[in-house]
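Here's the structure we're looking at; comments come further down.
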Amino acid sequence: MYDVYRHVERKTLLLTVPQGAGLPEKASAARWRLFAKRKAVPKIVSAEVDRAGYCVTRPKIQIPL
């Protein structure tokens, strides 16, 4: 399971972390808001979360604002 955060100003940026992990140190809570909880994410995202503890992406699909 994963928590997905959306950037407040750059709404196309998503930050994915393991569920319950909270934001990484480098991410300001003032700039990121919890957007969704996901059971699964793309393999490349899950690999980066496993490696670094988080993953920042800009999905190619359109996300409703």
Side-chain angles (χ1 to χ4, degrees):
M1 299 279 295
Y2 299 89
D3 291 337
V4 181
Y5 293 83
R6 182 189 290 177
H7 196 276
V8 173
E9 297 165 3
R10 296 179 178 174
K11 298 199 182 289
T12 58
L13 289 179
L14 300 177
L15 187 149
T16 304
V17 297
Q19 184 178 16
L23 290 169
E25 281 184 25
K26 296 178 180 181
S28 166
R31 294 180 182 246
W32 295 94
R33 295 287 181 258
L34 185 61
F35 171 65
K37 294 183 179 279
R38 300 277 187 240
K39 289 184 180 181
V41 294
K43 190 179 274 189
I44 194 165
V45 173
S46 65
E48 183 65 10
V49 170
D50 290 345
R51 187 190 72 76
Y54 67 94
C55 181
V56 177
T57 56
R58 179 175 286 148
K60 292 181 182 180
I61 60 170
Q62 199 63 298
I63 297 172
L65 302 175

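Positions are given from 1 along the sequence.
Minimum interatomic distance between P18 and G53 (heavy atoms only, all atoms of both residues): CD-O, 3.4 Å. The shortest non-hydrogen separation linking R31 to E9 is NH1-OE1, 3.9 Å.
Under a hydrophobic-cluster definition in which Ile, Leu, Val, Met, Phe, Trp and Tyr are linked whenever side-chain heavy atoms come within less than 4.5 Å, directly or via other members, M1 and F35 are assigned to different clusters.
The list of side-chain hydrogen bond (donor to acceptor under 3.5 Å, both in side chains) pairs with a residue in residues 34-48, not counting sequence neighbours, reads D3-K37, E48-R51.
Without hydrogens or angle criteria, R33 side chain to A29 main chain gives a donor-acceptor distance under 3.5 Å.
Cluster partners of Y54, using a side-chain heavy-atom cutoff of under 4.5 Å among ILVMFWY residues and allowing indirect links, are Y5, L13, L15, V17, L23, W32, L34, V56.
Rounded to the nearest 0.5 angstrom, L14 CG and H7 NE2 are separated by 11.0 Å.
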